[in-house]
Amino acid sequence: QVQLVESGGGLVQAGGSLRLSCTASGRTFGNRAMGWFRQAPGKEREFVAGINWSGITTTYTDSVKGRFTISRDNAKNTVYLQMNTLKSDDTGVYYCAASKFPTIFPTISSYDYWGQGTQVTVSS
């Protein structure tokens, strides 16, 4: 069993930055890839970024490449999402998720534990 708690969302102006954190409970955190997803109003949940179990490999959806950085600290059971140069299109609820696997898969079905979500609102 893994429980995930996100924090760090909020309201920011376009061009600003936010850092999301996700802290996990459970002994299997270090064996799992982790992902960040987001869901905008009226849209489907989409993959944003993923990181493998060791933190060496990361992947991003095209729209955030060069602006977002995912990282993890396995000693603290925490994964982060640094978001820079935010745009209004980045607005949505951001979810942290723990993968069933140690490697990254950008599909929702690959993740079996989810946080409650944190709201990110970017004003233009």
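Here the structure is a predicted model, which is why all the values come from computation and not from measurement. In this chain, numbering begins with 1 at the start of the sequence shown.
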Check the side chains of Asn84 and Ser17 for a donor-acceptor pair under 3.5 angstrom, ignoring hydrogens and angles. yes

Examine the side chains of Thr91 and Ser88 and answer whether a donor and an acceptor come within less than 3.5 Å of each other. no

Please lay out, stage by stage, how Val120 and Met83 fare under the test side chain to side chain contact (heavy atoms under 4.5 Å, CB included). CA-CA 10 Å; Val120 171; Met83 305 186 294; 3.9 Å; yes

Could you check whether Lys43 pairs with Asp89 (Lys NZ or Arg NE/NH1/NH2 to Asp/Glu carboxylate O, under 4.0 Å)?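 Result for this pair is no, no salt bridge flagged.
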
Pair Asp62 + Lys65, salt bridge at N-O below 4.0 Å: yes

Using only atom types and a distance under 3.5 Å, with no angle test, would you say the side chain of [X] pairs donor to acceptor with the backbone of [Y]?
{"X": "Tyr60", "Y": "Ile70", "result": "yes"}
{"X": "Asn52", "Y": "Thr57", "result": "yes"}
{"X": "Glu6", "Y": "Cys96", "result": "yes"}
{"X": "Asn74", "Y": "Trp53", "result": "yes"}
{"X": "Tyr111", "Y": "Phe105", "result": "yes"}

Shared ILVMFWY cluster between [X] and [Y], side chains joined below 4.5 angstrom?
{"X": "Phe47", "Y": "Tyr94", "result": "no"}
{"X": "Phe68", "Y": "Met34", "result": "yes"}
{"X": "Leu20", "Y": "Ile104", "result": "no"}
{"X": "Leu81", "Y": "Val2", "result": "yes"}

Kindly indicate, with the supporting measurements, whether the criterion side chain to side chain contact (heavy atoms under 4.5 Å, CB included) is fulfilled by Asp90 and Arg38. CA-CA 8 Å; Asp90 296 318; Arg38 66 187 178 191; 2.9 Å; yes

Of Val12, Thr121, Leu11, which is the lone residue that meets side chain to side chain contact (heavy atoms under 4.5 Å, CB included) with Leu18? Val12

When you measure from the centre of the six-membered ring of Trp114, is the NZ or CZ of Arg45 closer than 6.0 Å and no more than 45° off the axis? yes

Over-ring placement of Arg72 relative to Phe29, 6.0 Å and 45° cut-offs: yes

What is the minimum heavy-atom distance between Pro102 and Ala33, and which atoms define it? O-CB, 3.6 Å

If every non-hydrogen atom of Arg32 is compared with every non-hydrogen atom of Asp112, which pair is closest and at what distance? NH1-OD1, 2.8 Å

Would the number of heavy atoms belonging to other residues, nucleotides or ligands and lying under 6.0 Å from NZ of Lys100 be above 12?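 Enclosed: over 12 neighbouring heavy atoms sit under 6.0 Å from NZ of Lys100.
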
Under 6.0 Å from the CD atom of Gln3, do we count more than 12 heavy atoms belonging to anything else shown?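 No, the 6.0 Å shell around CD holds no more than 12 heavy atoms from other groups.
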
Steps toward side chain to side chain contact (heavy atoms under 4.5 Å, CB included) verdict (Asp73, Val79): CA-CA 6 Å; Asp73 184 340; Val79 62; over 6 Å; no

Aromatic contact between Tyr95 and Phe37, with the criterion being ring centroids under 6.0 Å apart: yes or no? no

For a 4.5 angstrom cut-off between non-hydrogen side-chain atoms, does Tyr80 reach Cys22? no

Can Gln13 and Ser123 be said to form a side chain to side chain contact (heavy atoms under 4.5 Å, CB included), step by step? CA-CA 5 Å; Gln13 289 187 334; Ser123 62; 3.8 Å; yes

